[in-house]
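Note that these values count all heavy atoms, side chains included, but never hydrogens, waters or copies made by symmetry. Residues: numbered from 1 along the sequence shown.
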Amino acid sequence: KLSILSSRFRKNVIYGINRKIKVLRKGDLIGLSEVDLSLLSVDCNGSYLLSLKNDYVMVMRDCENRELRKRMYLEYNGIASVEGSFNDNTLIMESILRLRERQSKLLGFNNYAELSLCNKSIGRVEDVFSFLDNQLESILVDYNIDMDKLCLYAGGLGIEDFNVWDHSYVIKKYNGK
């Protein structure tokens with residue numbers, strides 16, 4: 001059952017990432033180069049079809065259209081998790097978690113994390129958390145310094161409420177100044 005659910009989960013993610021987002025006007029894609037535009041799919045009506053798989057990074061980094069960047073970001077981060085959609089993975093994920101928990105208990109582990117780590121070099125859940133905490137601490141120091149600079153720079157671009165879908169675009173502009 002776990003194998004079947006995992007397979008269905010993967011198929012739903014693949015379907016979601018291969019979906020196309022329709023953009024009606026070329027003017028909504030300002031910032032993309034002519035080469036980038038030539039790589040985009042176009043439907044029979046001349047609308048551009050953006051792929052979360054192939055076009056996401058390019059749009060997030062280069063496109064001036066903030067609403068389109070927001071739409072791409074929300075679509076990408078909601079892949080296979082839109083409640084009620086035919087490829088919603090929410091219930092599948094809950095079932096996988098229940099089955100993994102039961103499997104772990106049957107094999108004598110306290111949880112799935114312990115089971116997953118039993119044959120790996122790191123070995124203990126506590127060591128994983130310690131490692132991640134150390135990584136996060138060093139990243140946050142640099143991130144907070146850079147975020148202050150980026151927020152100021154974003155304001156100069158007319159982006160007063162700097163958000164996650166603005167990061168790649170503002171960083172590229174900031175580094176190219």
Side-chain angles (χ1 to χ4, degrees), residues 5-97 131-177:
L5 289 170
S6 295
S7 177
R8 190 175 326 151
F9 183 92
R10 277 189 300 280
K11 285 179 184 175
N12 285 345
V13 170
I14 289 168
Y15 172 83
I17 206 160
N18 286 326
R19 271 190 53 244
K20 303 287 186 185
I21 295 172
K22 185 180 266 193
V23 177
L24 299 176
R25 301 176 312 119
K26 185 177 180 178
D28 290 330
L29 299 169
I30 292 173
L32 301 186
S33 71
E34 288 301 320
V35 172
D36 291 339
L37 290 171
S38 72
L39 297 173
L40 298 176
S41 300
V42 179
D43 70 8
C44 61
N45 297 317
S47 297
Y48 289 90
L49 303 173
L50 304 177
S51 160
L52 294 175
K53 180 179 181 181
N54 300 320
D55 306 321
Y56 179 79
V57 171
M58 170 178 56
V59 170
M60 299 305 289
R61 183 191 59 218
D62 300 330
C63 187
E64 292 180 18
N65 184 333
R66 190 165 187 236
E67 283 304 309
L68 180 56
R69 290 195 316 265
K70 178 180 179 180
R71 185 173 165 206
M72 291 286 284
Y73 175 85
L74 293 174
E75 290 279 343
Y76 188 83
N77 286 285
I79 290 172
S81 64
V82 177
E83 191 173 337
S85 69
F86 78 91
N87 68 326
D88 179 12
N89 270 338
T90 306
L91 296 176
I92 294 170
M93 190 179 308
E94 289 171 359
S95 296
I96 289 171
L97 291 172
F131 171 77
L132 292 174
D133 287 341
N134 289 335
Q135 293 298 308
L136 180 62
E137 193 173 306
S138 69
I139 290 168
L140 284 178
V141 171
D142 294 336
Y143 182 76
N144 287 332
I145 293 168
D146 291 340
M147 281 305 293
D148 291 339
K149 290 178 186 175
L150 289 175
C151 285
L152 284 171
Y153 189 77
L157 296 173
I159 300 172
E160 300 303 323
D161 57 334
F162 188 53
N163 216 310
V164 292
W165 46 83
D166 300 314
H167 286 190
S168 295
Y169 177 75
V170 172
I171 287 169
K172 182 176 183 206
K173 292 285 188 184
Y174 180 81
N175 288 333
K177 66 178 183 162

Donor-acceptor check, side chain of Asp62 to backbone of Leu32, threshold 3.5 angstrom: yes or no?
no

N/O donor-acceptor pair under 3.5 Å between Arg61 side chain and Lys172 backbone
no

Going through the checks in order, is the side chain to side chain contact (heavy atoms under 4.5 Å, CB included) test met by Lys11 and Tyr15?
CA-CA 6 Å; Lys11 285 179 184 175; Tyr15 172 83; over 6 Å; no

Start with the C-alpha gap between Lys20 and Glu75, add the side-chain angles, then the distance that decides, and say whether salt bridge (Lys or Arg N to Asp or Glu O under 4.0 Å) holds.
CA-CA 10 Å; Lys20 303 287 186 185; Glu75 290 279 343; over 6 Å; no

Report the distance from atom [atom1] of [X] to atom [atom2] of [Y], rounding to the nearest 0.5 Å.
| X | Y | atom1 | atom2 | result |
| --- | --- | --- | --- | --- |
| Tyr169 | Arg69 | OH | CZ | 6.0 Å |
| Leu40 | Ser38 | CG | OG | 8.0 Å |
| Phe9 | Asn87 | CZ | CG | 11.0 Å |
| Asp133 | Phe131 | CG | CZ | 11.0 Å |
| Leu39 | Met58 | CG | CE | 6.5 Å |
| Met93 | Asn12 | CE | CG | 10.5 Å |

Which atom names give the shortest non-hydrogen contact between [X] and [Y], and what distance separates them?
| X | Y | result |
| --- | --- | --- |
| Asp161 | Asp166 | O-OD2, 4.0 Å |
| Leu68 | Asp28 | CD2-O, 3.7 Å |
| Asn89 | Arg8 | OD1-O, 4.3 Å |
| His167 | Phe162 | CD2-CZ, 3.4 Å |
| Leu29 | Cys63 | CA-SG, 4.0 Å |

Residue pair Arg71, Trp165: steps toward the side chain to side chain contact (heavy atoms under 4.5 Å, CB included) verdict
CA-CA 9 Å; Arg71 185 173 165 206; Trp165 46 83; over 6 Å; no

Return the set of residues passing side chain to side chain donor-acceptor pair (under 3.5 Å) with Asp43 (not counting sequence neighbours), or none when no residue passes.
Lys22

By side chain to side chain donor-acceptor pair (under 3.5 Å), which residues pair with Arg10, not counting sequence neighbours?
none

Any non-hydrogen side-chain atom of Cys151 less than 4.5 Å from a side-chain atom of Met147?
yes

Parallel, tilted or perpendicular: which one describes the rings of Tyr56 and Tyr76, with boundaries at 30° and 60°?
parallel

Atom pairs and distances, side-chain donor-acceptor, residues 44-52, under 3.5 Å, sequence neighbours left out:
unit_1, atom_1, unit_2, atom_2, d
Ser51, OG, Lys53, N, 3.0
Ser51, OG, Asn54, N, 3.1

Set out, in order, the CA-CA distance, both residues' side-chain angles and the distance that settles side chain to side chain contact (heavy atoms under 4.5 Å, CB included) for Asn163 and Lys70, then state yes or no.
CA-CA 9 Å; Asn163 216 310; Lys70 178 180 179 180; over 6 Å; no

